[in-house]
Amino acid sequence: METAQYLWEHPETGYREALGSRHVADKLRALGLDVQEFDIPGCVAVYNTGKPGPNICIMGELDSLIIFDHPDCNEKGYVHACTHHMQTAAMLGAAYGLLKSDVKDKLCGKLTFVAVPAEECIELAFREELRKAGKIRYYGGKPEFLARGVFDGVDISMMCHGATHREDEDVWMSGTSNGMVGKIIHYTGLACHAASPHKGINALYAATLGLSAVNAIREKFEEKDYIRVHPIMTRGGDVVNAIPDHAELETYVRSASVKGMVAAAKAVDRAFVGGAVSMGCECRISTKAGYMPTTVSEEFTGLCMDVIPAVTGKKASLDPHETGSTDMGDISTIMPTMQFNVGGSVGAYHSKNLVVPECNRESMYLNGGRVMAAVTYELLKDGGKKANEVKAAYKPEFASPAEYMALADSFFSDKTYKIDIE
Ligand SMILES: [Zn+2]
Ligand SMILES: [Zn+2]
């Protein structure tokens with residue numbers, strides 16, 4: 001409860017979570033654990049039961065959003081309008097519940113507690129700066145920790161996320177979700193006086209043709225791939241009496257599968273370049289790795305859906321496919337993961353109205369930790385029988401973090417197209 005309140009009152013955005021990270025590290029140290037910290041926010045502590053067995057990771061995210069008109073935001077607009085404050089508290093709650101009771105004597109293997117930075121894919125310019133300076137490799141905290149070896153030796157991962165209060169259930173399971181890549185599309189034309197447009201090359205028109213082409217290729221997308229492309233224009237001319245020589249678009253390309261994401265990203269590039277070809281413009285497309293699609297382990301989900309009602313006394317449903325994206329997806333390409341929702345907030349997520357009313361705080365903040373502790377117990381009792389079953393039944397997208405990184409790295413590209421028709 002104290003941690004949730006502290007984080008709510010000290011919101012920090014991705015890769016800036018110095019206070020939150022220190023707070024969590026101190027709490028983990030208070031449990032007698034060795035805490036590993038980094039040159040970026042976030043921390044890891046491993047508890048070894050001393051008995052051989054699987055390594056189960058419990059995670060919490062540290063970062064806030066920026067919403068200037070939220071009543072509880074700080075002077076920089078930072079506010080936990082995605083309730084990450086409660087998930088990190090839940091991670092600590094699970095750690096305290098497991099390690100401060102005799103339950104731990106019935107467990108085998110290892111418990112890995114991780115406070116991860118930077119889940120929200122925001123402040124991209126700041127993250128690009130960090131990446132260029134060699135301080136991070138990926139925009140998302142989980143892929144970054146994956147690259148730093150934090151998940152080496154981990155067999156199964158879990159975390160919870162806050163959700164809007166429901167009458168009939170307190171905790172329910174998240175399903176699969178889309179992955180995404182981010183793109184900046186820059187058109188370069190030729191400026192001239194707008195009264196003699198034949199002397200210029202209109203970059204704005206190239207961009208609008210590119211947008212039309214993207215809209216036309218939507219009919220090529222298949223329902224099963226859940227493709228979402230939602231471009232915006234961030235630049236389209238500076239003064240009204242000049243033909244714009246620069247125009248810029250940004251978009252995400254999302255899909256439910258890695259294959260779908262790669263194919264859609266290529267088709268979208270071709271459409272954007274088509275706009276440039278029409279006008280004789282140059283088109284530069286800069287692509288950034290976002291997050292991988294989340295796949296779900298049926299065995300793990302089944303286990304959790306048995307455990308949740310025993311903890312909450314209420315039913316637990318499974319959410320349908322979510323077209324948004326999270327970097328938990330990246331972890332799910334390597335090992336079985338699960339994420340569940342803990343109801344209690346009111347108002348839309350990522351909006352100025354999101355709050356956790358006082359009357360819901362205790363149940364919301366405690367339920368996450370209770371469920372993760374109970375699930376961990378089920379996984380690691382009896383010599384880790386269930387954990388081994390969950391692991392054996394899961395077919396991850398990639399065989400190793402290195403294989404994952406090879407594809408994620410290939411998503412970072414800068415390509416310039418200038419195509420002339422003879
Ligand atoms: Zn969010
Ligand atoms: Zn979130």
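Residue numbers count from 1 along this sequence. Order of listing sets the numbers, starting from 1, for every ligand and every atom in it. Heavy-atom basis, side chains included; hydrogens, waters and symmetry copies ignored.
- Without hydrogens or angle criteria, T251 side chain to K183 main chain gives no donor-acceptor distance under 3.5 Å.
- Under 2.8 Å from the Zn ion (ligand 1) lies an N/O/S atom of E120, whether from backbone or side chain.
- If you check the side chains of T13 and E123, you find a donor sitting under 3.5 Å from an acceptor.
- Between NE2 of H350 and SG of C82, the angle at the Zn ion (ligand 1) works out to 100°, rounded to 10 degrees.
- Atom NE2 is the N, O or S atom of H84 at the shortest distance from the Zn ion (ligand 2).
- For the pair R131 and F126, the cation-pi criterion (under 6.0 Å, within 45° of the ring axis) is not fulfilled.
- The pair K142-E61 meets the salt-bridge criterion, since a charged nitrogen lies less than 4.0 angstrom from a carboxylate oxygen.
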